[in-house]
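Read the structure below first, then the notes.
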2 protein chains.
Amino acid sequence: MPRGSAPARRVTIVDVARHAGVSTTAVSKVLRNAYGASPDMRIKVRSAIEELGYRPSAAARGMRGQTYTIGVTLPDFRNPFFADILDGVTAALDGTDYVQMLARCCNDEVAEARVHDAMIDRSMDGLILIAPTGSRKHLERIARAVPTVVVGRHGEATGYDTVADDDFTGAELVVEHLAALGHQRIAHIEHLETNPVRLREMPNAIRSAGYRHAMQAHDLGTFIDIESTSYSREGGYLGARRLLARDPRPTAIFAGADIVAMGVLDALTEAGLSVPGDISLAGYDNTMFAAFAPISLTTVDQAGHHIGSEATRLLLDRIAHRDRPTAQVKLSPALVTRRTTAPIDATV
Amino acid sequence: MPRGSAPARRVTIVDVARHAGVSTTAVSKVLRNAYGASPDMRIKVRSAIEELGYRPSAAARGMRGQTYTIGVTLPDFRNPFFADILDGVTAALDGTDYVQMLARCCNDEVAEARVHDAMIDRSMDGLILIAPTGSRKHLERIARAVPTVVVGRHGEATGYDTVADDDFTGAELVVEHLAALGHQRIAHIEHLETNPVRLREMPNAIRSAGYRHAMQAHDLGTFIDIESTSYSREGGYLGARRLLARDPRPTAIFAGADIVAMGVLDALTEAGLSVPGDISLAGYDNTMFAAFAPISLTTVDQAGHHIGSEATRLLLDRIAHRDRPTAQVKLSPALVTRRTTAPIDATV
DNA sequence: GTGAAAGCGCTAACAG
DNA sequence: CTGTTAGCGCTTTCAC
């Protein structure tokens, strides 16, 4: 069953101009809501656009001006927290002429850089990089090429704006909550990080630092107990197995991410331990599945929607004012208490 | 803190040509691996590209030839099943010059059409539309403009290739499994669908039909019991509430999607019923959370990875051969038995 | 096998 | 306020 006619030639700005009896400049101006077109002309042009079903080619636009496209990169499509951020971006973009295009920027730095470059090659007007792992130098290179907002990365930044949730406080909230329930042997499973810059900038490292600080602050410094694995289900399983082998074993586990907590649950189930009866468990991210009835995980909510809309606001602002000073927005997380944490009395 | 120097001018094909001492045509040919460039020239050009750090502009390419970008649209970033499909796309694209860009095509048809048009405006070389809700006519219009593969949509198609999992069989697998466990009052929660075309094409409708057919085939026709809500957690909760009000109530519930099963679990927890002790539960999609220890949901695996790679293969093939006949690939689902389904005997 | 030159559709100077 | 014109960076004839 062969295709029918040849793919119809696209309607161009020239067709619209001819149809409306004006110049292409005029059409271009109307398209961009630019200065210098009479109301009368605007009407004529708009109706010609309507009648012909004209749509501007982003490729052609990109060669001279803007593409009205902003690129968003994120490391993982399975973490629902990122979906919240994207919702925020979408909401902030609603009513503007901008469209968002996404790409996943795998885990390793090389693949990530490739994705960022691909965005630049495609003439994005601006970039929102969610939880990038690349070096500061790399991020600055990207930001030199195109207006950029980095989400979920702490520390000073020179060429780009940042939006991040306060992971230090978030971790403190968890420890405080567990300590208030009477727990002392509160262990933490973190994402292994060795790079010194990332130790200062990546959310996982900040959470770990927040845990340590809060433990000290509650006079629980001697009970600090950290397993370094990875932010994944496997990482959680592995970390929990090791923690359960301790004697005495912890009475509470603070997993650095909800997905890690899922791995912890695997290990606890396997060991025949109940939550929170035998051990309390908290996660981080307030992902969708944390709320499911059989899981009901105590966790930290990061207000992803707000993060996304704030990042977008900053980006659009920077596109308009390329050399305003860079801004660093820090948002506050909130503890969400559910059924995986309980008083120590109940434990045993 | 103002930005430093002006954004450096991009390296162009002209720079590369000059640096290598050849024509721009030659560079272009090397870039596209086109015929008509000596090995010697290829080497010269490639090293010039390397030295200058040249990267082709997709916008400029898009005006004459390809952009090496394929667009993927999907309705929802929260359904982890789609992430599996995307992984398949990524894997199939690995090693090619193509890059994928994603966009969410909201729920309603108008917004969806806007997203599809946005993809075309941005000169995508091809489109993979995952579970689109638009009319056949709309899909055909898109496919006329650009090579298109539609994923997760049944029925005949004229201008585009399709890849879909056999939802009819998948639903039958679930019913067979439950019937073999001795269940008779097997209820189903479906996504409400009234549009006649969608009743023939959308996976949710096909699953429902498969359920009905399998019930008949097992002489359980009189026990057919369907609640029409939506494929969402709320839909599952609502449907389950209604089903639990029946007298007698079903001994098993087949939720049309895993996320629906989560809502069912909410309702069951609320009602103080245990799974599978009081009632068996099965989902569909084998999403990530179905495997979590506290959930351990019996479900149907759709081989999302395979779906994605197959769709990509078809798309690249169609980009190369625009008028080969359209293909319709149907993949087979598999039942994944976990701990939410048990023999009726165990169900008091 | 190679290169000169003509656009692709749009925006931005500039002239009227 | 309006139109003419010169590119943006690439691909593609079409000569050589």
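This one's a predicted model, so the numbers in the text were calculated from it and none came from an experiment. In what follows, chains carry the letters A, B, and so on, assigned in the order in which the sequence lines appear, proteins first and then strands, with residues in each chain numbered from 1.
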Cut-off 3.5 Å, side chains only: do Arg122(A) and Thr69(B) have a donor facing an acceptor? yes
Give a yes or no on whether a salt bridge exists between Arg141(B) and Asp117(B), defined as a side-chain N under 4.0 angstrom from a carboxylate O. yes
Does the protein touch nucleotides 8-16 of chain C at the base, only the backbone, or not at all? Give it as B, S and - per nucleotide, heavy atoms under 4.0 Å. BBBBBB---
Suppose the criterion is ring-ring contact (aromatic ring centres under 6.0 Å, His included): which pairs have a residue in residues 106-127 of chain B, not counting sequence neighbours? His116(B)-His138(B)
Check: Thr12(B) main-chain N/O paired with Asp15(B) side-chain donor or acceptor under 3.5 Å: yes
If you measure from OG1 on Thr73(A) to CE on Met101(A), what distance do you get to the nearest 0.5 Å? 15.0 Å
Atom NZ of Lys44(A) and atom P of dC1(D): how far apart are they, to the nearest Å? 14 Å
Sorted by chain and number, sequence neighbours left out, salt bridge (Lys or Arg N to Asp or Glu O under 4.0 Å) with Arg198(B) holds for Glu109(B), Glu193(B)
Is Ala37(A) touching bases, backbone alone, or none of the nucleic acid, heavy atoms closer than 4.0 Å? sugar-phosphate
Pairs in or reaching into residues 82-97 of chain A: which pass side-chain hydrogen bond (donor to acceptor under 3.5 Å, both in side chains), with residues at least two apart or in two chains? Asp84(A)-Arg78(B), Asp87(A)-Arg78(B), Asp87(A)-Arg104(B), Thr90(A)-Gln100(A), Thr90(A)-Arg104(B)
Rounding to the nearest 10°, end axes of the helix from dG1(C)-dC16(D) to dG16(C)-dC1(D) built from five pairs each make an angle of 40°
Rounded distance in Å - CG (Asp40(A)) to C1' (dT2(D)): 12 Å
What pairs with Tyr68(A) under ring pair (Phe, Tyr, Trp, His ring centres under 6.0 Å), at least two apart in sequence or on another chain? Tyr98(A)
